[in-house]
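Presented below is the structure to which this report refers.
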Amino acid sequence: MRILFMGTPDIAAHVLEAILDAGHEVTAAVTKPDKPRDRGKKSAPSEVKVLALSRGIRVEEPETLKNGALTPLLEETNPDVIVVVAYGKILPESVLYYPKYGSINVHASLLPRYRGSAPIQRAIMGCEKETGVTVMKMDKGVDTGDALISAKVAISPEDTTETLTKKLAVIGAPLLLNALELIESGEAKFRKQNDAYATYAPMIRKEESAVDWSCSAEEISARIRGLDPWPAAEAEVDGIRLKLFRPRLSGFCAEAQPGTVVTAGKKGLIVACGGGSLLEIGEVQPAGKKRMPAAAYFNGKPLKENRIR
RNA sequence: CGCGGGGUAGAGCAGUCUGGCAGCUCGACGGGCUCAUAACCCGUAGGUCGUUGGUUCAAAUCCUUCCCCCGCAA
């Protein structure tokens, strides 16, 4: 199969690597352009670009796909199918339906649930116990195309977006290879998604990093883990901004008001949440500092005020 | 040169403004107490104060060179 690959972050790179290792012909990799990522003016290439270059694959980085920007590439490489994994741009129909087998997408959720750009984060933040990967045929809607196959994976209470992304990449890559075989052999059976069960997972915004301590410990834990590693849940203790990581449910204490710091010392940081539930924060990162165990930070920095915001 | 914080014992920090014995909370190690413990008590070890040069009787502290880490913003 002649494949045109489109994707950007690490999960996409994983899938691309699997396609290459399986011996498929990848005619080109389309990815988002380099963009400034860190302090200073440096810009960094996407993970897909790095991998493609190291494997000698042609890389295209169009700013926009509108106005037939991809037409020359499509005519030149004549792909049998387009594989899209977390590309980050909407594909116009002229591109979607160009190849013989159309375009297929690896989406990191059990469709029709969590359609959209942040399915992994939203599944964790929604306190889901399981999620998965779905391979589907793309149509003009956002993740609304007919599904081919899917695979489930459990979400553990320690999973973060980072760890869950890895799990999904691990099952997603072989799932796509499987799908390609089905398509090539003509055995692919696509099923319509049931829109009645659809939910939408919008992009994560920086403003969502604030924590509402009146929520339950379980909800806050889910939020912290869903926002890890980016943008990370934030709170303020003694006027210092802290990013929060590695939450763990820590029982109940009826008297404690939500937002009260119950413990901050060598045992770590424990905060009261809604309904008297307690949440232990395993790791913190003060502004300007590295991520560290909460116990370490509060050891050398006694609290002035036992309140968290 | 986008804005900003930081580098001091194994960890986390104070001390820097205003130069004057290298400190704190932990950890480690040794001992003690306790029915017992993540508790408590006594003690020990552990430092090139990121790096370069300078000012000074004296520099973690003031001036200077470079390196490294991180937050914001994207």
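Below, chains carry the letters A, B, ... as their sequence lines are ordered, and counting in each starts from 1. Note that the structure is predicted; figures quoted are calculated from it, not measured.
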*asked:* For a quick test of reading the model: is some side-chain N or O of A:Gln285 closer than 4.0 Å to OP1 or OP2 of B:G71?
replied: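 Checking A:Gln285 against B:G71: at least one side-chain N or O falls below 4.0 Å of OP1 or OP2.
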*From the options A:Leu180, A:Ile104, A:Thr77, A:Thr27, select the one residue that forms a side-chain contact (heavy atoms from CB on, under 4.5 Å) with A:Ile3.*
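So, applying the side-chain contact (heavy atoms from CB on, under 4.5 Å) to A:Ile3 and each of A:Leu180, A:Ile104, A:Thr77, A:Thr27, only A:Leu180 qualifies.
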*Take atom CD of A:Glu61 as the centre, draw a 6.0 Å sphere, and report whether it contains more than 12 heavy atoms from other residues, nucleotides or ligands.*
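Check passes, neighbour count above 12.
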*asked:* Could you check whether atom CG of A:Asn194 has more than 12 heavy atoms from other residues, nucleotides or ligands sitting under 6.0 Å from it?
replied: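 Above 12, so yes.
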Between [N] and [M], how far apart are the two [atom1] atoms, rounded to whole Å?
N     : M     : atom1 : answer
B:C26 : B:C21 : C1'   : 24 Å
B:U52 : B:C66 : P     : 14 Å
B:U34 : B:A39 : C1'   : 10 Å
B:U37 : B:C70 : C1'   : 39 Å
B:U65 : B:G71 : C1'   : 26 Å
B:G23 : B:G5  : P     : 29 Å
B:C41 : B:G54 : P     : 48 Å
B:G6  : B:C13 : C1'   : 12 Å

I'd like to check [X] versus [Y] (side-chain heavy atoms, cut-off strictly below 4.5 Å). Are they in contact?
X        : Y        : answer
A:Arg307 : A:Thr260 : yes
A:Ser46  : A:Lys32  : no
A:His107 : A:Val133 : no

How long is the line joining [atom1] of [X] and [atom2] of [N], in whole Å?
X        : N     : atom1 : atom2 : answer
A:Trp230 : B:A73 : CH2   : C1'   : 11 Å
A:Ile240 : B:G71 : CD1   : C1'   : 13 Å
A:Arg241 : B:G6  : CZ    : P     : 14 Å
A:Leu242 : B:C70 : CG    : P     : 17 Å

For [N], give the paired nucleotide (Watson-Crick: N1-N3 plus N6-O4 or O6-N4; G-U: N1-O2 and O6-N3; both under 3.5 Å), or none.
N     : result
B:C49 : none
B:A28 : B:U44
B:G4  : B:C70
B:G19 : none

_Less than 6.0 angstrom from the centroid, inside 45 degrees of the normal: does A:Arg291 satisfy that with respect to the ring of A:Phe245?_
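Checked: cation-pi criterion met.
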*Sequence-aligned protein contact record of nucleotides 39-44 of chain B, with B where the base is within under 4.0 Å of a protein heavy atom and S where only the sugar-phosphate is*: S-----
*Kindly give the heavy-atom pair with the smallest separation between A:Leu70 and A:Pro62, and that separation in Å.*
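For A:Leu70 and A:Pro62, the tightest heavy-atom pair comes out as CD1-CG, 4.0 Å.
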_Quick check: closest heavy atoms across A:Met138 and A:Tyr97, and the distance to 0.1 Å?_
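Closest pair (atom of A:Met138, atom of A:Tyr97, distance): O-CE2, 3.8 Å.
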_A:Glu17 CD to A:Leu51 CG distance, which is reported to the nearest 0.5 Å_ =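 Here the rounded value is 5.5 Å.
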Please tabulate, one pair per line, each protein N/O and nucleotide N/O from nucleotides 10-13 of chain B that are separated by under 3.5 Å, including the distance.
unit_1: B:G12; atom_1: O4'; unit_2: A:Ala296; atom_2: O; d: 3.4
unit_1: B:G12; atom_1: O2'; unit_2: A:Ala296; atom_2: O; d: 3.1
unit_1: B:G12; atom_1: O2'; unit_2: A:Tyr297; atom_2: O; d: 3.1
unit_1: B:C13; atom_1: O2'; unit_2: A:Gly300; atom_2: O; d: 2.9

